[in-house]
Amino acid sequence: MSGWRLRLLQAQPVRIDLRGITPAALAGLSAAQVEQLRVGFGNTTMALAEFFKVEPLSPDDSADDSLVFEGDLSRCDRIGWQLAAGRIVVEGSAGHYAGGCMSGGELLVKGHAGLLAACEMSGGALTVEGDVSDFAASTLPGSMDGMRGGCFIVKGNVGERFGDRMRRGTALVFGNAGDFLASRMVAGTIGVGGQAGAHVGYGMRRGSVVFAATQATLDIPVTFVPALVEAVVFWQLLARDLARHGGPFATLPSRTIERHLGDLATDGRGELILAR
Amino acid sequence: MIHNGVAIDDSFAEAFPMKGTRIVITAHNITWARHAAVSATGFATSVIACGCEAGIERELGTHETPDGRPGVSVLIFSMSGKELAKQVERRVGQCVLTCPTTAVFAGIAEGEAIALGKNLRFFGDGWQISKLINGVRYWRIPVMDGEFVAQETTAVVKCVGGGNLLLLCRDTDAALAVAEAAVGAMKALPNVIMPFPGGVVRSGSKVGSKYAALSASTNDAFCPSLHGLVANSEITPQTRCVMEIVIDGLTEADVAAAMRVGMQAGIAIGASGGLLRISAGNYGGKLGPFHFHLRKLLAAGSTS
(Lines give C-alpha, C1' and ligand atoms only; values in the text may rest on other atoms or scores of the structure.)
Protein backbone atom coordinates (compact mmCIF):
# COMPACT_ATOMS: atom_id res chain seq x y z
CA MET A 1 0.00 0.00 0.00
CA SER A 2 1.37 3.40 -0.91
CA GLY A 3 0.36 6.78 0.36
CA TRP A 4 -1.45 9.70 -1.12
CA ARG A 5 -0.88 13.41 -1.43
CA LEU A 6 -4.00 15.58 -1.60
CA ARG A 7 -3.16 19.12 -2.65
CA LEU A 8 -5.84 21.73 -1.92
CA LEU A 9 -6.54 23.55 -5.18
CA GLN A 10 -7.86 26.79 -3.71
CA ALA A 11 -9.38 28.17 -0.55
CA GLN A 12 -13.12 27.53 -0.44
CA PRO A 13 -15.79 29.92 0.78
CA VAL A 14 -17.76 27.03 2.28
CA ARG A 15 -16.37 24.59 4.75
CA ILE A 16 -15.38 21.13 3.55
CA ASP A 17 -16.09 18.07 5.69
CA LEU A 18 -13.30 15.51 5.25
CA ARG A 19 -14.69 12.76 7.47
CA GLY A 20 -14.09 9.36 5.92
CA ILE A 21 -10.95 10.41 4.08
CA THR A 22 -8.56 8.15 5.99
CA PRO A 23 -5.62 5.97 4.94
CA ALA A 24 -7.77 2.86 5.48
CA ALA A 25 -10.55 4.19 3.24
CA LEU A 26 -8.09 5.04 0.46
CA ALA A 27 -6.17 1.79 0.63
CA GLY A 28 -6.44 -0.24 -2.55
CA LEU A 29 -8.22 2.48 -4.52
CA SER A 30 -7.01 3.86 -7.83
CA ALA A 31 -6.38 7.58 -8.21
CA ALA A 32 -9.59 7.88 -10.21
CA GLN A 33 -11.56 6.18 -7.46
CA VAL A 34 -10.03 8.42 -4.81
CA GLU A 35 -10.96 11.47 -6.86
CA GLN A 36 -14.60 10.40 -6.89
CA LEU A 37 -14.88 9.95 -3.12
CA ARG A 38 -17.62 12.23 -1.77
CA VAL A 39 -16.86 14.86 0.80
CA GLY A 40 -19.20 17.25 2.55
CA PHE A 41 -19.43 20.74 1.13
CA GLY A 42 -21.87 22.98 2.92
CA ASN A 43 -25.20 21.13 2.86
CA THR A 44 -24.27 18.86 -0.04
CA THR A 45 -21.49 16.52 -1.07
CA MET A 46 -18.97 16.87 -3.85
CA ALA A 47 -16.24 14.74 -5.38
CA LEU A 48 -12.86 15.03 -3.68
CA ALA A 49 -11.31 16.08 -6.99
CA GLU A 50 -13.37 19.29 -6.92
CA PHE A 51 -11.14 20.52 -4.13
CA PHE A 52 -7.96 18.48 -4.18
CA LYS A 53 -5.40 17.38 -6.69
CA VAL A 54 -4.94 13.68 -5.94
CA GLU A 55 -1.49 12.15 -6.39
CA PRO A 56 -0.08 8.85 -5.20
CA LEU A 57 3.11 9.44 -3.25
CA SER A 58 6.12 8.94 -5.51
CA PRO A 59 7.56 5.42 -5.83
CA ASP A 60 10.50 6.60 -3.74
CA ASP A 61 8.02 6.90 -0.90
CA SER A 62 6.50 3.47 -1.47
CA ALA A 63 7.29 2.51 2.08
CA ASP A 64 5.44 5.57 3.25
CA ASP A 65 1.71 4.93 3.30
CA SER A 66 0.83 8.28 4.82
CA LEU A 67 -2.05 10.38 3.65
CA VAL A 68 -0.66 13.88 3.16
CA PHE A 69 -2.80 16.98 2.88
CA GLU A 70 -1.10 20.01 1.42
CA GLY A 71 -2.26 23.61 1.64
CA ASP A 72 -4.16 25.71 4.13
CA LEU A 73 -6.93 23.38 5.27
CA SER A 74 -8.21 25.66 7.99
CA ARG A 75 -11.65 25.54 6.36
CA CYS A 76 -11.55 21.74 6.12
CA ASP A 77 -13.15 20.05 9.13
CA ARG A 78 -13.02 16.56 10.58
CA ILE A 79 -9.60 15.64 9.26
CA GLY A 80 -8.76 12.26 10.78
CA TRP A 81 -12.29 11.92 12.16
CA GLN A 82 -12.61 8.44 13.75
CA LEU A 83 -9.13 7.58 12.51
CA ALA A 84 -8.33 4.05 13.67
CA ALA A 85 -5.03 3.27 11.95
CA GLY A 86 -2.49 4.72 9.56
CA ARG A 87 -0.89 8.13 9.40
CA ILE A 88 -2.25 11.47 8.22
CA VAL A 89 -0.06 14.54 7.81
CA VAL A 90 -1.48 18.01 7.25
CA GLU A 91 1.19 20.25 5.80
CA GLY A 92 -0.61 23.38 6.85
CA SER A 93 -3.46 24.20 9.19
CA ALA A 94 -6.52 22.07 9.88
CA GLY A 95 -10.09 23.11 10.55
CA HIS A 96 -12.42 22.07 13.36
CA TYR A 97 -12.71 18.59 14.90
CA ALA A 98 -9.21 17.56 13.78
CA GLY A 99 -8.59 14.07 15.13
CA GLY A 100 -12.06 13.98 16.64
CA CYS A 101 -13.09 10.53 17.92
CA MET A 102 -9.84 9.03 16.66
CA SER A 103 -9.07 5.66 18.24
CA GLY A 104 -5.66 4.84 16.76
CA GLY A 105 -3.09 5.80 14.19
CA GLU A 106 -1.34 9.11 13.97
CA LEU A 107 -2.38 12.58 12.88
CA LEU A 108 0.22 15.32 12.51
CA VAL A 109 -0.89 18.89 11.84
CA LYS A 110 2.04 21.12 10.98
CA GLY A 111 0.04 24.32 11.28
CA HIS A 112 -2.82 25.29 13.57
CA ALA A 113 -6.08 23.49 14.33
CA GLY A 114 -9.54 24.86 14.95
CA LEU A 115 -12.20 24.11 17.55
CA LEU A 116 -12.72 20.75 19.24
CA ALA A 117 -9.45 19.16 18.15
CA ALA A 118 -9.04 15.68 19.66
CA CYS A 119 -12.56 15.80 21.04
CA GLU A 120 -13.56 12.38 22.37
CA MET A 121 -10.26 10.99 21.13
CA SER A 122 -9.77 7.48 22.55
CA GLY A 123 -6.40 6.34 21.20
CA GLY A 124 -3.54 7.01 18.87
CA ALA A 125 -1.41 10.13 18.66
CA LEU A 126 -2.39 13.62 17.57
CA THR A 127 0.26 16.32 17.30
CA VAL A 128 -0.43 19.92 16.39
CA GLU A 129 2.70 21.96 15.86
CA GLY A 130 0.85 25.28 15.99
CA ASP A 131 -2.04 26.50 18.14
CA VAL A 132 -5.45 24.97 18.68
CA SER A 133 -8.67 26.77 19.43
CA ASP A 134 -11.26 26.23 22.17
CA PHE A 135 -12.66 22.96 23.49
CA ALA A 136 -9.72 20.81 22.41
CA ALA A 137 -9.47 17.36 24.06
CA SER A 138 -13.00 17.88 25.22
CA THR A 139 -16.40 16.41 24.49
CA LEU A 140 -18.84 16.71 21.67
CA PRO A 141 -21.76 18.90 22.69
CA GLY A 142 -24.15 16.88 24.84
CA SER A 143 -21.78 13.97 25.44
CA MET A 144 -20.69 12.94 28.93
CA ASP A 145 -17.01 12.17 28.38
CA GLY A 146 -14.33 14.09 26.56
CA MET A 147 -10.96 12.78 25.49
CA ARG A 148 -10.66 9.21 26.79
CA GLY A 149 -7.32 7.86 25.62
CA GLY A 150 -4.30 8.36 23.44
CA CYS A 151 -1.76 11.14 23.37
CA PHE A 152 -2.53 14.69 22.23
CA ILE A 153 0.32 17.16 21.90
CA VAL A 154 0.03 20.84 21.09
CA LYS A 155 3.33 22.60 20.50
CA GLY A 156 1.69 26.04 20.55
CA ASN A 157 -1.09 27.56 22.65
CA VAL A 158 -4.61 26.34 23.26
CA GLY A 159 -7.90 28.16 23.71
CA GLU A 160 -10.51 27.93 26.43
CA ARG A 161 -12.03 24.81 27.98
CA PHE A 162 -9.08 22.61 27.08
CA GLY A 163 -9.75 19.07 28.37
CA ASP A 164 -13.37 19.75 29.29
CA ARG A 165 -14.83 16.48 30.69
CA MET A 166 -11.61 14.69 29.74
CA ARG A 167 -11.58 11.15 31.18
CA ARG A 168 -8.34 9.40 30.24
CA GLY A 169 -5.19 9.83 28.17
CA THR A 170 -2.48 12.45 28.06
CA ALA A 171 -2.85 15.96 26.61
CA LEU A 172 0.18 18.22 26.61
CA VAL A 173 0.32 21.93 25.76
CA PHE A 174 3.80 23.34 25.27
CA GLY A 175 2.52 26.92 25.29
CA ASN A 176 -0.24 28.70 27.18
CA ALA A 177 -3.79 27.59 27.92
CA GLY A 178 -6.92 29.72 28.00
CA ASP A 179 -9.58 30.01 30.69
CA PHE A 180 -11.34 27.03 32.24
CA LEU A 181 -8.46 24.64 31.62
CA ALA A 182 -9.46 21.09 32.68
CA SER A 183 -13.00 22.14 33.50
CA ARG A 184 -15.20 19.27 34.65
CA MET A 185 -12.25 16.94 34.10
CA VAL A 186 -13.07 13.36 35.12
CA ALA A 187 -9.55 11.88 34.98
CA GLY A 188 -6.44 11.70 32.84
CA THR A 189 -3.38 13.88 32.57
CA ILE A 190 -2.97 17.40 31.22
CA GLY A 191 0.40 19.14 31.05
CA VAL A 192 0.89 22.85 30.37
CA GLY A 193 4.28 24.30 29.58
CA GLY A 194 3.25 27.96 29.78
CA GLN A 195 0.66 29.94 31.69
CA ALA A 196 -3.00 29.12 32.19
CA GLY A 197 -6.00 31.44 32.27
CA ALA A 198 -8.65 31.82 34.96
CA HIS A 199 -10.72 29.11 36.65
CA VAL A 200 -8.28 26.23 36.28
CA GLY A 201 -9.86 22.88 37.16
CA TYR A 202 -13.38 24.26 37.44
CA GLY A 203 -15.57 21.37 38.60
CA MET A 204 -12.67 18.93 38.21
CA ARG A 205 -13.40 15.51 39.79
CA ARG A 206 -10.18 13.54 39.33
CA GLY A 207 -7.13 13.74 37.10
CA SER A 208 -3.81 15.54 37.15
CA VAL A 209 -2.94 18.92 35.66
CA VAL A 210 0.80 19.55 35.58
CA PHE A 211 2.22 23.06 35.21
CA ALA A 212 5.76 22.73 33.97
CA ALA A 213 6.70 26.41 33.74
CA THR A 214 9.09 27.32 36.53
CA GLN A 215 7.41 30.68 36.90
CA ALA A 216 3.86 29.45 36.48
CA THR A 217 1.65 32.08 38.08
CA LEU A 218 -1.54 30.32 38.81
CA ASP A 219 -4.61 31.69 40.48
CA ILE A 220 -5.53 28.59 42.47
CA PRO A 221 -9.31 28.46 42.91
CA VAL A 222 -10.55 28.63 46.50
CA THR A 223 -12.17 25.24 46.07
CA PHE A 224 -8.73 23.59 46.02
CA VAL A 225 -6.70 22.74 49.14
CA PRO A 226 -2.91 22.53 49.32
CA ALA A 227 -1.60 18.96 49.70
CA LEU A 228 0.50 18.38 52.82
CA VAL A 229 2.42 15.39 51.55
CA GLU A 230 4.46 14.89 48.47
CA ALA A 231 3.49 12.07 46.16
CA VAL A 232 7.06 11.18 45.25
CA VAL A 233 6.46 7.78 43.72
CA PHE A 234 3.52 8.86 41.64
CA TRP A 235 5.34 12.03 40.59
CA GLN A 236 8.38 10.12 39.37
CA LEU A 237 6.20 7.74 37.37
CA LEU A 238 4.29 10.58 35.77
CA ALA A 239 7.20 12.99 35.32
CA ARG A 240 9.37 10.38 33.64
CA ASP A 241 6.58 9.61 31.22
CA LEU A 242 5.97 13.28 30.42
CA ALA A 243 9.70 14.02 30.13
CA ARG A 244 10.03 11.91 27.01
CA HIS A 245 7.94 14.52 25.17
CA GLY A 246 10.72 17.04 25.76
CA GLY A 247 10.27 20.80 25.67
CA PRO A 248 9.12 22.31 28.96
CA PHE A 249 8.46 18.81 30.32
CA ALA A 250 11.99 17.45 29.86
CA THR A 251 13.25 18.45 33.30
CA LEU A 252 10.17 17.41 35.30
CA PRO A 253 11.65 14.31 37.00
CA SER A 254 14.36 16.38 38.69
CA ARG A 255 11.97 19.02 39.97
CA THR A 256 10.00 19.26 43.20
CA ILE A 257 6.29 19.84 43.12
CA GLU A 258 3.53 21.62 44.93
CA ARG A 259 0.09 20.05 44.73
CA HIS A 260 -3.40 21.45 45.21
CA LEU A 261 -6.31 19.04 45.57
CA GLY A 262 -9.84 19.60 44.38
CA ASP A 263 -12.24 20.71 43.04
CA LEU A 264 -13.98 20.38 46.41
CA ALA A 265 -17.19 21.56 44.78
CA THR A 266 -17.31 18.17 43.07
CA ASP A 267 -15.40 14.95 43.80
CA GLY A 268 -12.23 16.62 45.03
CA ARG A 269 -9.77 13.93 44.00
CA GLY A 270 -8.15 15.91 41.21
CA GLU A 271 -4.84 17.65 41.58
CA LEU A 272 -3.08 20.70 40.23
CA ILE A 273 0.67 20.04 40.22
CA LEU A 274 3.06 22.97 40.06
CA ALA A 275 6.64 21.98 39.26
CA ARG A 276 9.18 24.22 40.97
CA MET B 1 33.78 -38.46 37.69
CA ILE B 2 35.97 -36.74 40.25
CA HIS B 3 36.77 -33.02 40.37
CA ASN B 4 39.21 -31.72 42.95
CA GLY B 5 38.56 -34.85 44.99
CA VAL B 6 34.79 -34.40 44.80
CA ALA B 7 32.81 -37.29 43.34
CA ILE B 8 30.07 -36.12 40.99
CA ASP B 9 27.22 -38.61 40.84
CA ASP B 10 25.94 -39.79 37.51
CA SER B 11 22.55 -38.59 38.62
CA PHE B 12 20.14 -35.80 37.94
CA ALA B 13 17.90 -33.37 39.73
CA GLU B 14 14.27 -33.65 38.80
CA ALA B 15 12.30 -30.42 38.64
CA PHE B 16 8.71 -29.46 38.09
CA PRO B 17 6.76 -26.78 36.28
CA MET B 18 5.56 -23.96 38.50
CA LYS B 19 3.91 -20.61 37.99
CA GLY B 20 5.91 -17.61 39.05
CA THR B 21 6.13 -13.85 39.02
CA ARG B 22 8.59 -11.15 39.90
CA ILE B 23 7.61 -8.08 41.85
CA VAL B 24 9.74 -5.02 42.48
CA ILE B 25 9.44 -3.37 45.87
CA THR B 26 10.90 0.12 46.23
CA ALA B 27 11.15 2.33 49.29
CA HIS B 28 12.58 5.59 50.58
CA ASN B 29 15.83 3.74 51.23
CA ILE B 30 17.12 0.22 50.74
CA THR B 31 16.60 -0.65 54.41
CA TRP B 32 12.85 -0.33 54.19
CA ALA B 33 12.66 -1.99 50.80
CA ARG B 34 14.58 -4.87 52.35
CA HIS B 35 12.23 -4.98 55.36
CA ALA B 36 9.24 -5.29 53.06
CA ALA B 37 10.89 -7.90 50.85
CA VAL B 38 12.08 -10.01 53.79
CA SER B 39 8.64 -9.89 55.31
CA ALA B 40 6.85 -10.66 52.02
CA THR B 41 9.09 -13.66 51.36
CA GLY B 42 8.86 -14.99 54.90
CA PHE B 43 7.40 -18.45 55.53
CA ALA B 44 7.75 -19.28 51.85
CA THR B 45 10.23 -22.15 51.83
CA SER B 46 8.13 -24.88 50.29
CA VAL B 47 4.80 -25.15 48.52
CA ILE B 48 4.04 -28.16 50.71
CA ALA B 49 2.70 -25.96 53.50
CA CYS B 50 3.52 -22.35 52.68
CA GLY B 51 1.45 -21.99 49.53
CA CYS B 52 4.39 -20.61 47.63
CA GLU B 53 8.16 -20.50 47.46
CA ALA B 54 9.57 -17.01 47.48
CA GLY B 55 12.84 -15.23 47.89
CA ILE B 56 14.79 -12.08 47.23
CA GLU B 57 16.34 -12.21 43.79
CA ARG B 58 18.56 -9.18 44.21
CA GLU B 59 18.70 -5.56 45.28
CA LEU B 60 18.08 -2.87 42.68
CA GLY B 61 19.83 0.45 42.29
CA THR B 62 18.00 3.72 41.82
CA HIS B 63 18.56 3.60 38.06
CA GLU B 64 16.84 0.20 37.81
CA THR B 65 13.47 0.93 39.42
CA PRO B 66 10.39 2.59 37.89
CA ASP B 67 10.35 5.37 40.48
CA GLY B 68 14.07 5.97 40.84
CA ARG B 69 14.23 4.75 44.45
CA PRO B 70 16.23 1.83 45.77
CA GLY B 71 14.42 -1.45 45.57
CA VAL B 72 14.42 -5.20 45.87
CA SER B 73 13.23 -7.69 43.30
CA VAL B 74 11.35 -10.67 44.65
CA LEU B 75 10.43 -13.92 42.92
CA ILE B 76 7.36 -15.84 44.01
CA PHE B 77 6.55 -19.34 42.74
CA SER B 78 3.51 -21.49 43.25
CA MET B 79 2.01 -24.66 41.85
CA SER B 80 -0.88 -22.89 40.09
CA GLY B 81 -1.65 -19.42 38.83
CA LYS B 82 -4.66 -19.25 41.14
CA GLU B 83 -2.67 -20.08 44.25
CA LEU B 84 0.05 -17.66 43.16
CA ALA B 85 -2.50 -14.86 42.80
CA LYS B 86 -3.75 -15.57 46.32
CA GLN B 87 -0.26 -15.58 47.78
CA VAL B 88 0.79 -12.39 45.99
CA GLU B 89 -2.28 -10.55 47.18
CA ARG B 90 -1.89 -11.69 50.78
CA ARG B 91 1.83 -11.07 50.96
CA VAL B 92 1.77 -7.69 49.24
CA GLY B 93 -1.27 -6.67 51.25
CA GLN B 94 0.16 -7.64 54.62
CA CYS B 95 3.88 -7.07 54.11
CA VAL B 96 4.34 -4.36 51.48
CA LEU B 97 1.28 -2.16 51.82
CA THR B 98 2.00 -2.08 55.55
CA CYS B 99 5.71 -1.32 55.29
CA PRO B 100 6.69 2.37 55.54
CA THR B 101 7.33 4.27 52.28
CA THR B 102 7.11 1.27 49.95
CA ALA B 103 5.69 1.01 46.45
CA VAL B 104 5.24 -2.14 44.42
CA PHE B 105 5.59 -2.81 40.71
CA ALA B 106 5.43 -5.76 38.35
CA GLY B 107 8.85 -7.17 37.52
CA ILE B 108 7.65 -9.13 34.48
CA ALA B 109 5.68 -7.54 31.66
CA GLU B 110 4.67 -10.47 29.47
CA GLY B 111 2.28 -13.12 30.70
CA GLU B 112 -1.12 -13.69 32.19
CA ALA B 113 -1.98 -10.84 34.52
CA ILE B 114 -2.77 -11.38 38.19
CA ALA B 115 -3.81 -8.73 40.67
CA LEU B 116 -1.11 -6.73 42.42
CA GLY B 117 -2.75 -3.49 43.53
CA LYS B 118 -6.04 -4.27 41.82
CA ASN B 119 -7.81 -5.49 44.92
CA LEU B 120 -5.63 -3.79 47.54
CA ARG B 121 -6.96 -0.50 46.25
CA PHE B 122 -10.16 -0.97 48.22
CA PHE B 123 -8.12 -0.27 51.33
CA GLY B 124 -8.36 3.33 50.13
CA ASP B 125 -12.04 3.38 51.09
CA GLY B 126 -13.00 5.40 48.05
CA TRP B 127 -10.02 7.77 48.19
CA GLN B 128 -7.91 5.54 45.97
CA ILE B 129 -6.99 7.01 42.59
CA SER B 130 -6.22 5.10 39.43
CA LYS B 131 -3.57 6.48 37.11
CA LEU B 132 -2.83 5.16 33.66
CA ILE B 133 0.74 6.12 32.74
CA ASN B 134 2.12 5.01 29.37
CA GLY B 135 -0.39 2.19 29.16
CA VAL B 136 0.25 0.87 32.67
CA ARG B 137 -2.34 1.29 35.39
CA TYR B 138 -1.26 2.21 38.90
CA TRP B 139 -3.29 2.65 42.06
CA ARG B 140 -2.58 5.42 44.53
CA ILE B 141 -3.87 4.50 47.97
CA PRO B 142 -3.72 7.10 50.72
CA VAL B 143 -1.86 5.82 53.81
CA MET B 144 -0.55 7.48 56.96
CA ASP B 145 2.91 8.24 55.53
CA GLY B 146 1.55 9.58 52.26
CA GLU B 147 0.60 7.37 49.41
CA PHE B 148 1.03 3.68 48.60
CA VAL B 149 1.51 3.26 44.86
CA ALA B 150 0.92 -0.20 43.42
CA GLN B 151 0.85 -1.33 39.82
CA GLU B 152 -2.52 -2.86 39.06
CA THR B 153 -1.27 -6.26 37.91
CA THR B 154 1.83 -8.36 37.55
CA ALA B 155 2.43 -11.08 34.97
CA VAL B 156 2.60 -14.82 35.59
CA VAL B 157 5.00 -16.98 33.63
CA LYS B 158 5.71 -20.69 33.51
CA CYS B 159 8.74 -21.49 35.66
CA VAL B 160 10.84 -24.35 36.92
CA GLY B 161 10.89 -25.32 40.57
CA GLY B 162 12.77 -27.93 42.52
CA GLY B 163 16.23 -27.95 40.97
CA ASN B 164 18.53 -29.22 43.69
CA LEU B 165 21.99 -30.26 44.79
CA LEU B 166 22.90 -32.64 47.58
CA LEU B 167 26.23 -31.79 49.15
CA LEU B 168 27.72 -34.74 51.01
CA CYS B 169 30.36 -33.45 53.38
CA ARG B 170 32.79 -34.57 56.00
CA ASP B 171 31.25 -32.72 58.94
CA THR B 172 28.92 -29.88 59.90
CA ASP B 173 31.51 -27.12 59.56
CA ALA B 174 32.50 -28.26 56.10
CA ALA B 175 28.88 -28.76 55.02
CA LEU B 176 27.88 -25.26 56.11
CA ALA B 177 30.92 -23.71 54.46
CA VAL B 178 30.30 -25.53 51.19
CA ALA B 179 26.56 -24.79 51.20
CA GLU B 180 27.14 -21.12 51.99
CA ALA B 181 29.68 -20.82 49.17
CA ALA B 182 27.35 -22.53 46.72
CA VAL B 183 24.37 -20.37 47.69
CA GLY B 184 26.56 -17.27 47.45
CA ALA B 185 27.56 -18.16 43.90
CA MET B 186 23.96 -18.89 42.91
CA LYS B 187 22.69 -15.64 44.37
CA ALA B 188 24.88 -13.73 41.95
CA LEU B 189 22.75 -15.06 39.10
CA PRO B 190 19.49 -13.51 37.96
CA ASN B 191 16.07 -15.21 37.74
CA VAL B 192 16.63 -17.74 40.53
CA ILE B 193 15.91 -18.01 44.23
CA MET B 194 16.89 -20.53 46.85
CA PRO B 195 13.76 -20.49 49.03
CA PHE B 196 14.96 -22.30 52.15
CA PRO B 197 16.52 -20.58 55.20
CA GLY B 198 19.84 -19.18 54.06
CA GLY B 199 19.20 -21.02 50.80
CA VAL B 200 19.91 -24.38 52.42
CA VAL B 201 17.67 -27.23 53.57
CA ARG B 202 18.83 -29.98 55.92
CA SER B 203 15.58 -31.93 55.93
CA GLY B 204 15.70 -33.28 52.41
CA SER B 205 12.73 -35.49 51.70
CA LYS B 206 11.77 -38.52 49.71
CA VAL B 207 8.37 -39.22 48.22
CA GLY B 208 6.05 -41.23 50.44
CA SER B 209 6.10 -42.38 54.04
CA LYS B 210 5.22 -45.35 56.16
CA TYR B 211 2.37 -43.20 57.43
CA ALA B 212 -0.47 -43.07 54.96
CA ALA B 213 -1.30 -39.45 55.75
CA LEU B 214 2.13 -38.16 54.73
CA SER B 215 3.12 -37.67 51.13
CA ALA B 216 6.77 -36.99 51.92
CA SER B 217 9.18 -37.99 54.64
CA THR B 218 12.84 -37.75 55.56
CA ASN B 219 15.34 -38.75 52.92
CA ASP B 220 16.65 -41.67 54.99
CA ALA B 221 19.18 -42.74 52.37
CA PHE B 222 21.12 -39.51 53.02
CA CYS B 223 20.71 -39.37 56.81
CA PRO B 224 24.10 -40.00 58.46
CA SER B 225 22.34 -41.05 61.64
CA LEU B 226 20.78 -43.96 59.74
CA HIS B 227 24.05 -45.21 58.30
CA GLY B 228 24.10 -48.96 58.72
CA LEU B 229 20.44 -48.99 59.66
CA VAL B 230 18.71 -48.41 56.33
CA ALA B 231 19.36 -50.79 53.50
CA ASN B 232 19.76 -48.21 50.77
CA SER B 233 21.95 -45.72 52.63
CA GLU B 234 24.07 -43.47 50.43
CA ILE B 235 26.22 -42.50 53.38
CA THR B 236 29.79 -43.66 53.82
CA PRO B 237 31.61 -43.51 57.15
CA GLN B 238 33.40 -40.38 55.88
CA THR B 239 30.23 -38.38 55.13
CA ARG B 240 28.64 -37.25 58.33
CA CYS B 241 26.67 -34.24 57.17
CA VAL B 242 24.55 -33.63 54.04
CA MET B 243 22.99 -30.36 52.95
CA GLU B 244 20.58 -29.73 50.09
CA ILE B 245 20.10 -26.58 48.07
CA VAL B 246 16.78 -26.15 46.27
CA ILE B 247 16.55 -23.78 43.32
CA ASP B 248 13.49 -22.24 41.68
CA GLY B 249 14.00 -20.28 38.49
CA LEU B 250 12.13 -18.53 35.73
CA THR B 251 13.45 -20.92 33.07
CA GLU B 252 15.14 -24.30 32.83
CA ALA B 253 18.35 -22.56 31.73
CA ASP B 254 18.33 -20.32 34.80
CA VAL B 255 18.05 -23.30 37.14
CA ALA B 256 20.75 -25.15 35.21
CA ALA B 257 23.09 -22.17 35.43
CA ALA B 258 22.52 -21.85 39.16
CA MET B 259 23.18 -25.57 39.74
CA ARG B 260 26.35 -25.34 37.69
CA VAL B 261 27.85 -22.39 39.59
CA GLY B 262 26.79 -24.01 42.85
CA MET B 263 28.65 -27.18 41.95
CA GLN B 264 31.67 -25.20 40.77
CA ALA B 265 31.76 -23.29 44.06
CA GLY B 266 31.68 -26.57 45.96
CA ILE B 267 34.35 -28.13 43.76
CA ALA B 268 36.57 -25.11 44.32
CA ILE B 269 36.48 -25.91 48.03
CA GLY B 270 37.09 -29.53 47.16
CA ALA B 271 37.72 -32.63 49.18
CA SER B 272 40.36 -30.81 51.19
CA GLY B 273 37.62 -28.43 52.37
CA GLY B 274 35.37 -31.34 53.30
CA LEU B 275 33.11 -31.75 50.26
CA LEU B 276 33.27 -35.41 49.30
CA ARG B 277 30.45 -35.92 46.86
CA ILE B 278 27.71 -34.05 45.00
CA SER B 279 24.44 -35.76 44.24
CA ALA B 280 20.91 -34.67 43.41
CA GLY B 281 17.38 -35.63 44.28
CA ASN B 282 15.08 -37.28 41.79
CA TYR B 283 12.13 -39.61 41.69
CA GLY B 284 13.34 -41.87 38.93
CA GLY B 285 12.54 -39.30 36.28
CA LYS B 286 8.86 -40.16 36.18
CA LEU B 287 7.41 -37.19 38.01
CA GLY B 288 9.11 -34.07 36.77
CA PRO B 289 9.67 -33.09 33.15
CA PHE B 290 12.91 -31.21 33.82
CA HIS B 291 16.05 -33.31 34.38
CA PHE B 292 19.33 -31.63 35.31
CA HIS B 293 22.15 -34.13 34.88
CA LEU B 294 25.04 -33.10 37.12
CA ARG B 295 27.83 -34.33 34.86
CA LYS B 296 26.29 -32.79 31.77
CA LEU B 297 25.90 -29.45 33.56
CA LEU B 298 29.55 -29.45 34.58
CA ALA B 299 30.71 -30.50 31.14
CA ALA B 300 28.65 -27.74 29.50
CA GLY B 301 30.11 -25.27 31.96
CA SER B 302 33.72 -26.23 31.24
CA THR B 303 33.29 -25.94 27.47
CA SER B 304 31.49 -22.61 27.55
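Per chain, numbering begins at 1; letters A, B, ... match sequence-line order.
- Between chain A and the options B:Gly135, B:Gly146, B:Gly126, heavy-atom pairs under 4.5 Å are most frequent for B:Gly126.
- At a 4.5 Å heavy-atom cutoff, the contact between B:Gln128 and chain A is made by backbone atoms alone.
- Around the CZ atom of A:Arg255, the shell of radius 6.0 Å holds more than 12 heavy atoms that belong to other residues, nucleotides or ligands.
- Under a cut-off of 6.0 angstrom, the local environment of CD in A:Glu230 is sparse, with at most 12 non-hydrogen atoms contributed by other residues, nucleotides or ligands.
- Rounding to the nearest 0.5 angstrom, the gap separating the CZ atom in A:Arg168 from the OG atom in B:Ser130 is 8.0 Å.
- Residues A:Leu237 and B:Val149 meet the side-chain proximity criterion, which asks for heavy atoms closer than 4.5 Å.
- Salt bridge A:Glu271/B:Arg140: present, at least one basic N to carboxylate O contact under 4.0 Å.
- Under the 3.5 Å distance criterion, with hydrogens and angles disregarded, no donor-acceptor pair is assigned to the side chains of A:Arg240 and B:Asn134.
- Residue A:Phe234 holds its CZ atom at 7.5 Å from CD of B:Glu147, rounded to the nearest 0.5 Å.
- Between chain A and the options B:Thr65, B:Ile133, B:Thr101, B:Leu132, heavy-atom pairs under 4.5 Å are most frequent for B:Ile133.
- Interface residue A:Ala231: backbone and side-chain heavy atoms are both found under 4.5 Å from chain B.
- Both the backbone and the side chain of A:Ser208 have a heavy atom closer than 4.5 Å to some heavy atom of chain B.
- Side-chain contact between B:Arg69 and A:Val233: present, with at least one pair of heavy atoms (C-beta onward) separated by less than 4.5 Å.
- Summarising the local packing, NE2 of B:His28 is surrounded by 12 or fewer heavy atoms from other residues, nucleotides or ligands at distances under 6.0 Å.
- If you tally non-hydrogen atom pairs under 4.5 Å between each of A:Asp241, A:Asp267, A:Val229 and chain B, the highest count goes to A:Asp241.
- By the 6.0 Å contact criterion, CD on B:Glu112 is open, its count of non-hydrogen atoms from other residues, nucleotides or ligands being 12 or less.
- Within a 6.0 Å radius of CZ in B:Phe123, other residues, nucleotides and ligands contribute 12 heavy atoms or fewer.
- Within a 6.0 Å sphere centred on OH of A:Tyr202, other residues, nucleotides and ligands contribute 12 heavy atoms or fewer.
- At most 12 non-hydrogen atoms from other residues, nucleotides or ligands lie less than 6.0 angstrom from CD1 of B:Ile48.
- With a 4.5 angstrom heavy-atom cutoff, B:Phe148 does not touch chain A via any of its atoms.
- Contact record, B:Asp67 with A:Gln236: O-CG, 3.4 Å, taken as the closest heavy-atom pair.
- Between the side chain of B:Lys131 and the backbone N or O of A:Gly188, at least one donor-acceptor pair lies under 3.5 Å.
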